[in-house]
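The next block holds one structure in the form of structure tokens; read it before the comments.
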Amino acid sequence: MQQSIPLSSPALATERIGRFKQEFQGMSVAAGPIVDAKVVAVKQALSGAIAPGSRVQVRGWVRTRRDSKAGLSFVNLSDGSCFDAIQVVAPNTLANYDNEIVRLTTGCALIAEGELVASQGKGQSFELLASRVDVVGWVDDPETYPIQPKPHSPEFLREVAHLRPRTNLFGAVSRVRQSIASAIHRYFNDNGFCWINTPIITGSDTEGAGEMFRVSTLDMMNPPRTDQGAIDFHKDFFGKETFLSVSGQLNVEGYCLALSKVYTFGPTFRAENSHTTRHLSEFWMVEPEIAFADLDANATLAEDFLKFIFKAVLAERPDDMAFFADRVEKAAISRLESIIATPFARIDYTDAVDILKKSGKKFDYAVEWGADLQTEHERYLTENHVSGPVVVTNYPEKIKAFYMRLNDDGRTVAAMDVLAPGIGEIIGGSQREERLDVLDRRIAQFGLDPKMYSWYRDFRRYGTVPHAGFGLGFERLVCYVCGLANIRDAIPYPRAPGSAEF
RNA sequence: GCCCGAAUAGCUCAGUUGGUUAGAGCACUUGACUGUUAAUCAGGGGGUCGCAGGUUCGAGUCCUGCUUCGGGCGCCA
């Protein structure tokens with residue numbers, strides 16, 4: 001029948017696209033039999049926006065089935081559009097009731113069509129009184145289908161990461177992740193920022209943020225050699241050694257010094273052998289960079305940005321957030337509300353050290369000026385001293401990166417960490433060193449090769465201005481918003497040392 | 001990289017000082033019952049107790065090694 005549609009006809013194309021869009025409003029795909037019903041998302045069907053009595057079609061996956069000897073079955077169907085599933089009421093008058101409906105198990109894919117009605121039962125406002133239910137995909141062995149209508153441990157679900165989006169937990173995480181990502185782009189777009197897609201493959205092997213993954217097409221068994229016997233990377237794909245990027249910051253600074261307000265939002269790779277609940281080998285990072293700006297402006301941006309995102313998630317995903325507060329982390333909602341309502345405190349690193357020393361609290365790690373703050377120190381500051389978000393600024397230059405701007409005291413740099421109760425460091429950033437002579441001294445001091453940074457130095461040679469930015473680990477933000485204990489549950493397919501399944 | 005812990009049914013777990021045929025709930029299946037809500041009730045199937053050795057008359061249980069998973073620290077986002 002596809003042949004009967006002349007692809008060149010504008011009228012038919014418009015009609016076809018119109019039909020697709022009508023379905024697209026409801027679900028993400030156009031597939032299966034379409035009769036005379038409007039395709040709707042479960043979210044719409046349960047919202048009250050559709051008049052009772054309307055003929056609608058829903059498409060999704062079975063959560064549970066309950067049979068009633070009153071002559072009907074209740075099939076809870078989820079399509080991921082919202083936390084709740086819709087209850088499909090399937091009467092035994094359906095042609096496939098005895099041979100299909102009563103055999104439905106968790107995970108089966110269905111298209112159900114019928115009348116959207118006010119529910120006779122408790123627990124839901126609307127339900128679908130089905131006049132037709134088509135089974136699109138069966139679960140071939142229900143006994144071994146890993147996703148059951150009961151709580152599973154996150155550890156178990158990591159073993160079936162390809163199927164875990166079928167669960168309440170990962171459905172909710174996925175929608176919240178989307179809400180956060182969307183809010184990030186919206187915040188920057190509305191504030192005049194330009195999204196810059198910095199390269200994933202980089203030739204800089206000394207970006208200073210840890211071990212890097214090599215990118216190479218050389219034959220590992222028999223690589224080309226130089227006269228000295230070293231591997232000859234001049235013969236590699238890019239004609240030089242290349243790696244996966246650990247940060248887009250250095251690249252994005254160039255766009256900042258032309259477009260004024262820019263940000264990166266993309267995948268980042270770190271080959272650190274970290275075994276913690278807060279680290280991934282592959283994660284997504286957000287890095288805004290602003291020109292004609294100092295550390296103070298940077299901190300203000302971070303505060304406004306975080307508050308915007310938290311507000312957006314609470315407004316857009318109340319159903320999922322209620323689930324997190326109920327089942328994952330009691331304070332999931334209240335702590336976001338608290339951060340939104342509380343002005344971020346600002347403390348100089350030197351003052352923070354004094355506060356910690358005078359706290360009288362016994363720390364596992366001693367507090368000394370010149371040493372980085374440990375997680376326990378950060379938690380004391382934000383949870384006990386301030387009882388709210390706090391920005392710690394002006395760290396000793398020896399413990400921070402070479403590109404951070406040296407302060408007039410000569411011993412600190414204009415760096416900042418944003419600390420929040422319950423999570424600790426959520427953002428790290430700095431004002432960048434815009435003075436070429438100072439930058440050169442820093443590069444030398446850190447033992448870096450100036451030739452590797454010639455293009456980065458150019459930004460200071462041609463129209464340099466004070467500028468600043470910060471980095472935010474996207475999955476850490478997802479963890480915090482959802483109350484997740486392990487960052488491997490904040491990304492669909494986690495990659496970590498010794499683990500790259502699926 | 002360092003330290004600690006765990007591994008018993010598809011899932012969550014119990015299993016006493018080492019002792020007969022390793023149990024429960026959920027899931028699956030059969031039946032009963034019901035506009036049901038993780039429905040309920042009754043029956044049934046389902047296990048190389050992570051792997052490999054060792055101690056012992058006898059090991060799910062004790063010992064050693066390995067594997068995998070989880071947690072903490074360091075590094076960081």
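Within every chain, numbering begins at 1; the chains are lettered A, B, ... in the order of the sequence lines, protein sequences first and strands thereafter. Please read these numbers as outputs of a predicted model, since none were measured by experiment.
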Looking only at side-chain N and O atoms, does A/S274 come under 4.0 Å of OP1 or OP2 in B/rC76? no

With the threshold set at 4.0 Å, does a side-chain nitrogen-carboxylate oxygen contact exist between A/R270 and A/E211? no

Between A/R65 and B/rA39, is there a contact of a side-chain N or O with OP1 or OP2 at under 4.0 Å? no

Could one point to a donor on the side chain of A/H279 or the base of B/rC75 with an acceptor on the other under 3.5 Å away? yes

Measure from the side-chain heavy atoms of A/E272 and tell me the nearest of B/rG1, B/rA38, B/rC75. B/rC75

Distance test, side-chain N/O of A/T64 to OP1/OP2 of B/rA38, below 4.0 Å: no

For A/R214 and A/F243, the nearest pair of non-hydrogen atoms, with its separation, is CA-CD2, 3.9 Å

What's the closest nucleotide to the side chain of A/Q148 if the choices are B/rA27, B/rC73, B/rC33? B/rA27

Output yes when at least one side-chain N/O atom of A/T277 is less than 4.0 Å from OP1 or OP2 of B/rG72, else no. yes

Quick check for you: among B/rG74, B/rC33, B/rG35, whose closest atom lies nearest to any side-chain atom of A/K69? B/rC33

Closest to the A/Y365 side chain, choosing from B/rG35, B/rG74, B/rG70: B/rG74

Which of these nucleotides, B/rU37, B/rG35, B/rC76, is closest to any side-chain atom of A/K122? B/rU37

Check: A/R177/A/S182 side-chain N/O donor and acceptor closer than 3.5 Å: no

